[in-house]
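Below is one structure, written out as structure tokens; the observations come after it.
What you see is a predicted model; the values in this text were computed from it and never measured. Lettering follows sequence order; numbering is per chain, from 1.
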Amino acid sequence: MTITKTIFSGFGGQGVLVMGYVLATSGMHDDKHVTFLPSYGAEVRGGTANCTVTVSDEPIASPVASFPDFAVLMNTPSLVKFEEGIKAGGIVFLNSDLVELKPKRRDIQVVSIPINSIAERVGNVRSANMVMIGAFIQKTGLVSLKSVIRSVKSIFETKGSKVHKMNTLAIEQGSAFVK
Amino acid sequence: MTITKTIFSGFGGQGVLVMGYVLATSGMHDDKHVTFLPSYGAEVRGGTANCTVTVSDEPIASPVASFPDFAVLMNTPSLVKFEEGIKAGGIVFLNSDLVELKPKRRDIQVVSIPINSIAERVGNVRSANMVMIGAFIQKTGLVSLKSVIRSVKSIFETKGSKVHKMNTLAIEQGSAFVK
Amino acid sequence: MKNKGFIRINEELCKGCALCIEVCPKGSIRISKKLNIKGYHPAEYTEKEKSKNRKCTGCSLCAIICPDIAIEVFHG
Amino acid sequence: MKNKGFIRINEELCKGCALCIEVCPKGSIRISKKLNIKGYHPAEYTEKEKSKNRKCTGCSLCAIICPDIAIEVFHG
Amino acid sequence: MAKQVFKRPEALKENTTHYCPGCGHGIIHRLIAEVIDELGIRDKTVGVPPAGCAVLAYNYIDVDMGEAPHGRAIAVATGIKRTRPDLVVFTYQGDGDIAAIGTAEAIHAASRGERLSVIFVNNGVYGMTGGQMAPTTLLGQTTTTTPGGRLPLRDGFPLDLSQMLAVAGGSVYIERTTVTSPKNIIRTKKAIKKAFQVQMDGLGFALVEILSQCPINWKLSPVAACRWVEEEVVKSYPLGVIKDAREKSN
Amino acid sequence: MAKQVFKRPEALKENTTHYCPGCGHGIIHRLIAEVIDELGIRDKTVGVPPAGCAVLAYNYIDVDMGEAPHGRAIAVATGIKRTRPDLVVFTYQGDGDIAAIGTAEAIHAASRGERLSVIFVNNGVYGMTGGQMAPTTLLGQTTTTTPGGRLPLRDGFPLDLSQMLAVAGGSVYIERTTVTSPKNIIRTKKAIKKAFQVQMDGLGFALVEILSQCPINWKLSPVAACRWVEEEVVKSYPLGVIKDAREKSN
Amino acid sequence: MDRRLMCGSHVIGEAATRAGCRFYAGYPITPQNELPEYMSKRFAKMDDAIFIQAESELAAINMVMGASMAGVRAMTSSSSPGISLKQEGISYIAGMELPAVIVNIMRGGPGLGNIAPSQQDYFQATRGGGHGGYRTIVLAPCSGQEMVTLTMKAFDLADAYRTPVLVLGDGLMGQMMEPVTFPDPIDPAATLPQKDWVLDGAGGRDSRLIASLILDPIDMEQHNWKLAGKYKAICESETRHESYLLDDAVLAVVAFGTAARIAKGAVNRVRKAGLKVGLFRPISLWPFPEKELKALSSTIKHLLVFEMNLGQMVEDVKISVGEQATVDFHGRPGGIISTPHEIAGEITKLIYRYDTG
Amino acid sequence: MDRRLMCGSHVIGEAATRAGCRFYAGYPITPQNELPEYMSKRFAKMDDAIFIQAESELAAINMVMGASMAGVRAMTSSSSPGISLKQEGISYIAGMELPAVIVNIMRGGPGLGNIAPSQQDYFQATRGGGHGGYRTIVLAPCSGQEMVTLTMKAFDLADAYRTPVLVLGDGLMGQMMEPVTFPDPIDPAATLPQKDWVLDGAGGRDSRLIASLILDPIDMEQHNWKLAGKYKAICESETRHESYLLDDAVLAVVAFGTAARIAKGAVNRVRKAGLKVGLFRPISLWPFPEKELKALSSTIKHLLVFEMNLGQMVEDVKISVGEQATVDFHGRPGGIISTPHEIAGEITKLIYRYDTG
Ligand SMILES: Cc1ncc(C[n+]2csc(CCOP(=O)(O)OP(=O)(O)O)c2C)c(N)n1
Ligand SMILES: Cc1ncc(C[n+]2csc(CCOP(=O)(O)OP(=O)(O)O)c2C)c(N)n1
Ligand code: SF4
Ligand code: SF4
Ligand code: SF4
Ligand code: SF4
Ligand code: SF4
Ligand code: SF4
Ligand SMILES: [Mg+2]
Ligand SMILES: [Mg+2]
């Protein structure tokens with residue numbers, strides 16, 4: 001697979017854009033071609049936030065994903081919105097703590113993870129997105145764990161080593177859950 | 001001659017545009033094609049005012065006169081500015097009370113009229129332009145005297161009969177001077 | 001009982017801003033643990049419409065400040 | 001004579017606005033009968049530079065108000 | 001039987017707003033709708049919404065609405081009102097809309113005494129575009145375009161448009177209020193009603209400036225945002241009637 | 001030997017102006033040139049002329065000049081001054097330019113406290129375009145677009161921009177003067193000098209509003225036009241210092 | 001009928017009034033000040049007509065937007081720089097499908113330029129100087145009498161298609177006086193059909209919305225395709241042009257407005273000299289009479305485009321005729337008004353160059 | 001070199017700073033708010049750089065005009081409606097021959113429209129949306145890295161030709177993040193040649209004037225011919241385009257910016273299916289690579305123009321190739337971003353229609 005598209009979606013505040021950013025940065029560190037495209041509905045408030053990340057061995061034509069390979073869905077409305085478009089054979093990552101519905105499609109793989117619970121165990125619900133990224137990387141192997149850790153470190157550079165430790169732990173826990 | 005162009009030029013305040021307007025309206029009353037084009041340098045103050053009137057038996061292409069048939073020049077700067085362009089064989093009407101220079105060209109006809117003096121005799125320097133129009137019509141026969149009187153009457157309609165009488169007298173005196 | 005009131009909160013309209021809670025003189029509203037479909041923890045009325053021990057006076061302060069017109073107030 | 005002045009008016013700069021005439025406390029300026037090249041009747045100084053009987057004090061009021069900087073003022 | 005004492009006004013549609021939790025726009029919409037109901041003018045009111053967070057006001061307030069380009073609401077409203085003086089025309093504008101790009105339109109409509117009711121929602125930032133500095137931003141306030149806080153030398157001083165409009169010969173009624181507490185909300189409603197009444201009485205230009213909370217861009221909880229208005233914002237923008245020339249122009 | 005006590009300032013070129021007889025623009029040009037001479041700043045002054053009768057000011061005042069679109073002189077000047085704070089930058093603007101189309105630019109520059117000196121020539125009409133109503137036109141005054149005189153209901157009230165600018169936090173010095181008599185002219189010159197000095201001292205926004213005569217469009221003789229300013233115009237636009245915050249901002 | 005000698009700006013004002021225009025907002029700018037001045041006087045005498053001298057061109061176009069929302073025939077006017085300032089508003093008016101008439105009496109540019117006649121705003125007018133790919137109908141009269149008919153037509157087209165219509169003149173068109181006659185004025189209240197979309201208070205009906213905001217790309221796309229459909233209909237029905245002495249011509253001058261007038265004089269001149277030359281005058285600049293010009297180029301193989309600019313309409317001519325005819329260009333930018341003599345010279349040069357005399 | 005993942009708006013901001021831009025004035029509008037925000041932060045840390053959040057787009061472009069007069073590299077940015085408001089200012093800047101860089105991150109229109117990516121302002125950008133028939137150089141990047149090079153190039157071109165240069169992106173270009181690398185920043189004071197026309201106080205020299213008012217038509221015409229000469233030189237030297245898989249192609253897609261990127265994906269797809277199709281990507285939209293496209297059409301007989309609008313660049317393509325090649329058009333107005341799949345479908349349809357497969 002030379003080109004892979006992933007959609008991240010959830011409520012504003014769930015760190016959805018950060019997840020996408022981490023994936024894209026990690027792809028860059030792995031010397032892949034990457035694009036990151038946020039939904040930029042800033043002129044209208046509310047609704048879900050989402051972004052699309054493309055990781056590819058070749059130059060990327062369109063950063064848009066009509067049929068994503070992977071979908072990381074952090075809440076119920078995201079599932080409703082994106083389920084249909086996922087590529088046959090693709091993988092859905094669900095935050096089972098918040099997504100109440102079950103996917104209807106049978107031609108996609110579903111990975112359910114109690115993200116919030118794990119995050120709380122790690123020490124902070126706010127690292128839910130890091131848990132998810134850990135699981136996502138482990139499952140897809142899309143980018144290297146090393147690059148992910150590096151990306152996360154640089155993103156939260158100003159936040160100090162305590163945050164970094166928690167993030168690393170969250171990624172590991174997420175990863176462990178799907179191992 | 002089916003198309004005739006006349007330039008009227010002088011200081012602002014000498015009634016130059018009114019002369020042109022009278023000629024154009026008169027041509028209209030005579031069922032000719034006419035255009036009246038003022039110089040509209042309103043964005044910059046000062047200088048001379050002038051306008052170009054075309055009277056024609058056919059539709060008029062350009063209302064501009066590069067080489068006017070007639071030039072009515074009420075002051076010295078006007079002569080300086082327009083002498084060169086006058087058509088060979090054309091006629092220059094000069095207000096000899098104010099134009100101090102003499103035309104240099106020999107291929108044009110010069111009609112000098114002491115406009116201000118005549119106007120003062122009629123009763124008001126302000127009717128100088130009417131004196132000139134009288135002379136101009138008499139000399140050129142470009143439009144009918146009847147139409148000129150009609151035009152002048154309608155232009156000064158609101159000013160009452162006294163003004164109308166003075167204007168008519170001024171036109172007659174101008175006409176008489178060149179008869 | 002006279003002069004007593006109660007409120008109804010439309011959970012789906014509510015965005016959990018907590019302004020109603022702040023202004024309620026009787027402490028009759030709190031934030032719920034559940035999430036509504038838009039992802040907010042809505043406000044919930046802590047009293048029972050039918051209960052005689054309601055502290056709610058139906059003063060409408062909560063409704064007046066609710067930016068989402070999620071609160072209806074009743075007397076009686 | 002001390003404290004006396006005189007002015008020079010540049011006829012070609014002058015537009016005959018008469019503001020100088022209005023402000024001259026000595027009545028030393030008037031509008032000329034001639035026309036300048038721009039068609040204005042310029043202001044003219046009614047006194048002689050060399051005359052001893054000048055009323056002009058060189059107070060410069062005329063120059064101060066002249067919009068066309070057509071007036072120069074001299075003392076002495 | 002239980003009697004309903006507070007319900008959604010008729011002139012307000014039953015849609016969920018797109019505003020952030022705790023945002024003042026929702027409260028102000030309701031007040032306008034209540035005033036329209038109480039004055040019984042739904043069938044002759046025309047609103048002009050802004051470009052700003054309230055750009056979709058027409059999804060909520062149930063009257064005829066005509067959208068204006070950013071900052072031009074008052075000009076559009078002038079075109080409507082002058083040709084149809086029987087209508088009641090109001091504009092709804094943010095501080096970016098009326099006090100930045102639309103400054104000239106506001107000042108000249110006030111000077112001409114256009115019979116309009118202007119609802120000016122001052123939240124001290126450009127809400128819709130993501131929290132940039134507005135002309136009304138407080139000194140020291142951090143926004144996405146004033147890193148480290150608004151500095152007077154670099155970014156200028158807070159602009160008090162209402163005071164400027166009060167100078168205009170055609171402005172009749174100008175009041176500043178907030179929607180941070182029930183008491184203030186009730187005051188705001190009265191002010192809005194007055195602003196409509198001034199128009200209906202043909203007196204001239206009327207404006208209510210409402211200091212409103214923008215919790216999301218201020219990065220404060222809604223409750224803290226209200227407090228901040230009451231404690232900080234009012235220092236730069238004191239509440240109260242700024243001009244009332246209703247007698248005079250009568 | 002006769003000693004010359006009044007002569008053309010050095011910063012004024014020797015051209016004949018294109019202004020009508022008795023027009024105030026010529027006087028004001030001379031005052032600016034005198035101030036530039038006296039402050040010795042010809043080599044660091046940049047002027048921004050308007051679209052208006054003074055559009056050709058660069059033919060007369062002998063400093064670097066950059067032309068602005070109608071109403072935008074202050075914005076252009078802001079671009080110059082901010083990038084070259086060592087320069088002394090002034091704008092020269094008519095009432096149409098600064099108080100109509102350029103209202104927003106004026107108010108926001110004042111609010112930001114841009115270090116500019118603004119010469120605002122208020123002659124109550126659009127001189128250049130032939131005498132249409134300006135925002136500053138007096139009530140009852142006939143212009144080419146107010147047939148029968150300015151009516152407040154149709155045409156609005158006279159706009160007092162200087163008073164509005166005084167509300168702005170960044171305006172430091174605002175004075176209104178005339179050029180209708182030697183005494184007033186001397187006062188105007190002092191005001192202009194102050195406005196330059198405020199900028200050079202880095203204090204903020206300074207503006208001199210000069211009530212100027214436009215004999216041609218008022219259809220009055222120059223002398224009568226000056227009288228009209230002194231007797232009528234000043235009633236709507238009282239002379240004097242409108243704001244002086246030089247101490248405060250020091 | 002009564003002939004009156006009037007300048008073009010007054011003619012437009014009177015024609016607009018007679019077409020039922022009841023709202024005018026504008027801002028002075030030379031060479032079209034006579035138009036707002038005329039409107040101020042004309043409307044002062046009418047009970048149901050509003051004149052506003054706006055604080056800026058921006059305010060003026062937006063006031064017109066509002067008046068149009070309220071259902072009234074509305075107009076604004078300006079000259080080149082002022083028209084640039086109206087571009088945002090025109091885009092909104094087009095997007096909201098509101099009728100409006102906008103007059104541009106062009107002057108020399110770019111920038112402040114000068115006040116001499118010019119045709120330098122052809123691109124701006126015909127390509128939509130604003131954002132968003134809308135189109136405006138553009139009518140270019142070349143005489144006082146045509147100003148009467150086209151101004152009145154502009155209001156009808158604006159209403160019929162709910163779209164902004166530009167009347168494009170220049171300083172010469174605006175300032176020149178010619179005798180004109182006017183048809184009787186209409187009474188808009190009695191004559192014009194009711195508009196069922198105006199904002200007049202939601203009495204006994206659902207509330208209405210006039211807006212250009214369409215957040216969903218699918219809806220926005222649909223709206224744009226709808227506009228495209230309208231534009232296609234306009235292109236099919238509303239092209240206007242004049243053919244002058246083209247039947248036997250071997251060369252046609254293509255020109256509009258003032259330039260066309262002068263070109264006609266030139267054609268008359270060279271005809272006298274025996275040259276078979278005619279004039280094709282686009283009257284609607286958008287829609288451009290593309291088909292008509294294309295048809296012409298099957299017989300006339302040489303076109304001379306004459307414009308008072310650096311060459312703008314010449315692109316439309318090229319697109320129209322492809323390689324079916326040679327397209328030469330003669331331009332005068334900046335306000336110098338060519339003489340018929342000058343253009344006759346250009347024509348003659350070409351006739352010899354192509355050896356078609 | 002250091003690769004950084006940045007959104008397009010930030011890339012433009014950083015590239016401008018490294019190119020020596022020291023003045024930015026702008027006004028917020030989606031989808032380009034990230035650019036003024038970036039500039040505010042970037043310039044806050046520099047001693048010699050000025051960021052002003054202006055009170056309007058009008059004020060912003062005029063502030064840039066002033067900064068440019070003072071000799072500083074200056075930039076403003078906006079999105080479609082805001083760019084419409086800048087048209088008068090751009091015309092002045094062009095008329096006064098001042099350098100300036102203007103960024104338009106296009107959104108859907110007309111009117112308020114939406115904030116989705118769009119290419120609907122092509123006409124406005126390439127034909128000069130303002131009055132007076134000036135031209136602006138228009139550069140259309142299609143990737144983050146190209147935003148670096150073209151933004152920096154824009155400043156060089158602006159200075160070299162003393163003319164406004166537009167960088168034309170869209171919401172997708174502005175919002176999308178890609179890895180980019182930057183060249184070292186220049187020190188404008190040390191690197192850039194002195195400008196001998198700036199306003200900096202007439203010390204030891206005659207006073208200078210920068211103005212666009214040219215009252216005399218003869219002078220105005222001369223000035224316009226001078227501009228025309230400059231524009232001609234630009235057309236000769238500054239066209240930029242990319243050719244992709246054109247050597248053996250029987251059909252070429254012509255597209256710019258985001259559309260070109262998608263078209264490239266489509267070309268790759270159909271190539272895999274064996275179709276001989278390539279891409280011609282204009283990088284400079286004005287000057288349009290007319291000659292290059294014309295040359296291409298001597299061998300490639302079918303062109304498919306793909307734009308995210310109702311068809312604007314297609315006119316330039318037609319003018320370029322005349323009747324040498326068929327020109328088809330596929331457009332998506334309003335913000336829907338086509339997929340490479342969709343464009344591949346269009347290509348395939350055409351290949352079959354023209355039977356050139
Ligand atoms: C001409 C133009 N410029 C900019 C914008 C972008 N824009 C939309 S709303 C807005 C400002 C919003 O701020 P404000 O008016 O204070 O309203 P708020 O969102 O804070 O309620 C801006 C700059 C636009 N739509 N049109
Ligand atoms: C955008 C634009 N609109 C209008 C004009 C025309 N115009 C030039 S000067 C002017 C007003 C002049 O009045 P004012 O500023 O009061 O100056 P004055 O001539 O009275 O000194 C106008 C409307 C213009 N040049 N540009
Ligand atoms: S009505 Fe009054 S007492 Fe009852 S819940 Fe609301 S605020 Fe509290
Ligand atoms: S005020 Fe309204 S929206 Fe806010 S928490 Fe209470 S009910 Fe919910
Ligand atoms: S200097 Fe004084 S006294 Fe002399 S002419 Fe002038 S005003 Fe009169
Ligand atoms: S003030 Fe000056 S311009 Fe006026 S009349 Fe006196 S000298 Fe002449
Ligand atoms: S951004 Fe601010 S003003 Fe806009 S909806 Fe959110 S809270 Fe309200
Ligand atoms: S029109 Fe008025 S302001 Fe302009 S030059 Fe003449 S007198 Fe002066
Ligand atoms: Mg706001
Ligand atoms: Mg004025």
Contacting moiety of Gln312(G), where chain H heavy atoms sit under 4.5 Å: side chain
Under 4.5 Å from any heavy atom of chain H - which part of Val317(G): neither
Pairwise distance CD1(Ile214(G)) to CG(Leu112(H)) - rounded to 0.5 angstrom: 10.0 Å
Under 3.5 Å donor-acceptor, Ser91(G) side chain and Pro110(H) backbone: no
Neighbours of chain H found in residues 76-89 of chain G - heavy atoms under 4.5 Å: Ser80(G), Pro81(G), Ser84(G), Leu85(G), Gln87(G), Glu88(G)
Donor-acceptor contact present, side-chain His131(G) to main-chain Gly111(H), <3.5 Å: yes
Stepwise side-chain contact (heavy atoms from CB on, under 4.5 Å) check, Leu213(H) with Asn114(G): CA-CA 6 Å; Leu213(H) 179 74; Asn114(G) 65 16; 5.6 Å; no
Interchain contact, Asp216(G) with chain H, by part (heavy-atom threshold 4.5 Å): backbone
Portion of Leu58(G) that has a non-hydrogen atom of chain H nearer than 4.5 angstrom: side chain
Among the listed options Gly311(H), Gly129(H), Ala125(H), the residue most often paired with chain G at heavy-atom distances under 4.5 Å: Gly129(H)
Closest non-hydrogen atom pair, Glu323(G) against Val321(H): OE2-O, 4.0 Å
Polar side-chain atom of Asp121(H) near backbone of Gly132(G) as donor-acceptor pair, under 3.5 Å: yes
Contact check, side chains of Tyr122(G) and Arg127(H), non-hydrogen atoms, under 4.5 Å: no
Validation row: Arg135(H), Phe123(G) side chains within 4.5 angstrom (heavy atoms): yes
Closest non-hydrogen atom pair, Ala116(H) against Pro217(G): CB-CG, 4.2 Å
Residues of residues 219-229 of chain G within contact distance of chain H, non-hydrogen under 4.5 Å: Met220(G), Glu221(G), Asn224(G), Trp225(G), Leu227(G), Ala228(G)
